[in-house]
Structures are given as structure tokens and as C-alpha cells.
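Before any comments, here is the structure.
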Amino acid sequence: MFDRGTYTEINISNYLYNIDLIEKKAGTKAIPVLKANAYGHGAIPLAKALVKRGVDMIAVAFLGEGIEIRKSGVNIPTLVFNYVKPEYIKENMENFIYTLGSIEQLNGLIEYFGSDIKKIDFHININTGMNRMGFKREEIDFLIKQIKKYDLNIKGIYSHFATADALDEFVKEQYYNFISAVDYIEDNGIELPIKHICNSAAALFFPEFAHDYVRPGIATYGLQPSDIEKEEGLKPVLSWKSVVAKRGVLKAGESVSYGRTYFAKQDIPIATIPVGYADGYFRQLSNKGYVLIHGKKCNIIGRVCMDQFVVETTKVENVNLGDEVILIGEQNGNRITAEELGTLAETINYDITSKITWRVPRVYID
Ligand SMILES: *Cc1c(COP(=O)(O)O)cnc(C)c1O
């Protein structure tokens, strides 16, 4: 695994520090979101750290992610955001909380479970404007009717913002839709013990909407949830490191890598970095991305291949085989962030870290 000299380093103390910071800013407790292998950071070690710290609940996108965490010995209440087939719910009732997100899903569950449906713990998802999951306002009467008829075990209610990162008026509109749905359901005699709506951006920038819990993902990893407003207090969690695998000179007129997309105008010193798109280093960073060697910026020249890419090292003196290369993180006071790589690859920080593949070992430090 470590033979290649490429790995990510995950700082668990910084992860826990960020959760404390978010809870302080929001004024309420967090349900840390560990979906997509904790946005590439590795869900199991972080879940174990959360158990030690103490959290009431974690959240994942899919049941399979929750089962994997459970198998590692972590047994805390786990909220599953997405649709799960009834037969899989049946085998995983203990300490899993399922999202009730549509009438069709509810009807299917009633058909499959009959009166046993009351054994399932649910959080209701209200569609307040995201329009991907959840009950619309006009569906709530039917929902209420079925909750009463089947004595459903409703443990909580939530919704999700579409534009919390943009800090716009739609956030408020969604919030009022949420509150009005919550009030309506409660006025009909249904108890909703837990209410939550805030993702990272909302937890940090709209703490007045926090309610009982916030559901931060991206900010717990020290990554910025918005490109409009920064939370400077967050500490970076992930660094991605490699080594110089070869050094050389690209002579004037020569090209480098597949497709010959870069030609040297004069002789330039170059280095080969043993990382490629099969590691999750975006191919879109061809001729755009950069790395740090000895703290100096070295631009990618030519295309990113499956396992390697080439950088120019004009600013660096004495490059040696095995020298540390920073893909994300800090070196000699300079830093490359996932946000920066996201911008260069025309995507977002979430996409950059969550795509770092299985081929890159994760090392955990405290
Ligand atoms: C992914 C997700 C979150 C976390 O969002 P961040 O922007 O990463 O904080 C919260 N709630 C739901 C429903 C999600 O799908």
C-alpha cells in the first residue's frame, strides 16, 4: 500500500475540533454526516472517534454505508437519508432510522410490513423546495392520516436547503415552508421529537434555523461550504501527499504525455508524480492543476494519466527522487486547498475529496 509513496493523512483532532466549532456556532448539537465514506476521509475511523467523543446520531446516504460502519463495532443511531427497499429495512431495524420521503414509499412499506410497520423508526422528510425527496405540502394530510392509522413511529422530521451556500432568500422561504409543515403536523396531534434542517452552510450562516440538531458534512472536514462567506475557524482535515518518481528535462519543442497537449518553448526541468485519475486526481486538472514541491508551485503540464502526471519544476532547486509532493495540504507555509482544485477542475471541494479512490491509503493522526 505505502510502496508508492502516495497517501492521504487525516487529522482526527481537527475533525473533532470542527464539529465543536460548528456546534458552538449553531448553538445546538450535530448529527455528523458520514456519507460517501466520509466525503473520502474514511467513515469507520471517524465514526469510532465520534463514539469516543459522544454524539447522539450519525447520518449516511445509504443503508449499506451504515451497515459497513456498524460492522466495525460502532453501534450508534444512524439516520439513512435515501430510499431503502423494504426487505433490507426488515433485516436492519435496530438503531437505524429511516427517512420517510414519499407517499409511494409509504404505501410500499405498509404493503410489505402490514402492522409491523410501527416497529420502524422514521424521520419524515419534508420537501420545502429542493424537490428531490420528501412530502409536499399537499401530501401532508394523507401522511397524517396514515401515521394515525398505522401508529407509525415518527422520531423526527427534517428538510434540506437547496441554496444555503448562496445565502439567498430561498433559504428563508424553505425554512418557512418547513416550519409551517411542522406546525400543521403537530397541530394535528402528532408528536415530532426532533427537528433539523441545517447542512454545513446553514449551520454556520443561519444558526437561527438550527432547531434540535444540525446535519453538517463538508464543514466537519474543514472544507468551506460556501464560496461567498468563509468560516476561517475551520481546520483542514485531509492532506494528500506523494513523491517525485522521476526527474528530467523537457527539451524545447518536445511534448509531454498523451495527446501531446503541451510543448516546451525552451528546455524546462520536469518531475513525474505517480498519481492519476484512477486515484481520483481529476483528469480535468490536465494543464491546469499544480502541486507543491519544497513549498514551491509546480504546474501540471500535459494530460493527467491513469497513474501519473508530469509537472514543471522551474521554481524548485535540487529536486530529488522521493521528495515530498503536496497535492492537497501545506508545505513550507504554502497551501493547496480542495476548494482551489475544485475551481480549477470546474467542480466543488466535495467532489475533489469524495473521489479519492481506494488505491490511496488513508493514514490517521491525532
Ligand atoms: C449531504 C447532506 C447533508 C450535509 O451537507 P453538507 O453541505 O455537506 O453539510 C445534510 N443533509 C442531507 C439530507 C444531505 O444529503
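Residues: numbered from 1 along the sequence shown. Note that the structure is predicted; figures quoted are calculated from it, not measured. Just follow the structure's listing: the first ligand is 1, and inside any ligand the first atom is 1. The figures that follow rest on heavy atoms only: side chains count, while hydrogens, waters and symmetry mates do not.
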Mind checking whether Phe209 and Tyr176 have parallel, tilted or perpendicular rings, split at 30° and 60°? perpendicular

Has Arg70 got its NZ or CZ under 6.0 Å from the middle of the six-membered ring of Phe96, at an angle within 45 degrees of the ring axis? yes

Pairs where residues 149-168 contributes a residue and the test side chain to side chain donor-acceptor pair (under 3.5 Å) is met, not counting sequence neighbours: Thr99-Tyr158, Asp121-Asn153, Thr128-Ser159, His160-Arg215, Thr163-Asp168

Contacts of Glu229 meeting side chain to side chain donor-acceptor pair (under 3.5 Å) (sequence neighbours excluded), chain-then-number -> none

Contacts table for ligand 1: protein N or O within a distance under 3.5 Å of ligand N or O, distances only.
| unit_1 | atom_1 | unit_2 | atom_2 | d |
| --- | --- | --- | --- | --- |
| ligand 1 | 7 (O) | Tyr350 | OH | 2.7 |
| ligand 1 | 8 (O) | Tyr39 | OH | 2.5 |
| ligand 1 | 8 (O) | Ile218 | N | 2.8 |
| ligand 1 | 9 (O) | Ser200 | N | 2.8 |
| ligand 1 | 9 (O) | Ser200 | OG | 2.5 |
| ligand 1 | 9 (O) | Gly217 | N | 2.9 |
| ligand 1 | 11 (N) | His160 | ND1 | 3.4 |
| ligand 1 | 11 (N) | Arg215 | NE | 2.9 |
| ligand 1 | 11 (N) | Arg215 | NH2 | 3.2 |
| ligand 1 | 15 (O) | Lys35 | NZ | 2.8 |
| ligand 1 | 15 (O) | Arg132 | NH2 | 3.1 |

Ring-ring centroid check Trp240 Tyr281, cutoff 6.0 Å: yes

Non-neighbouring partners of His294 that pass ring pair (Phe, Tyr, Trp, His ring centres under 6.0 Å), sequence neighbours left out: none

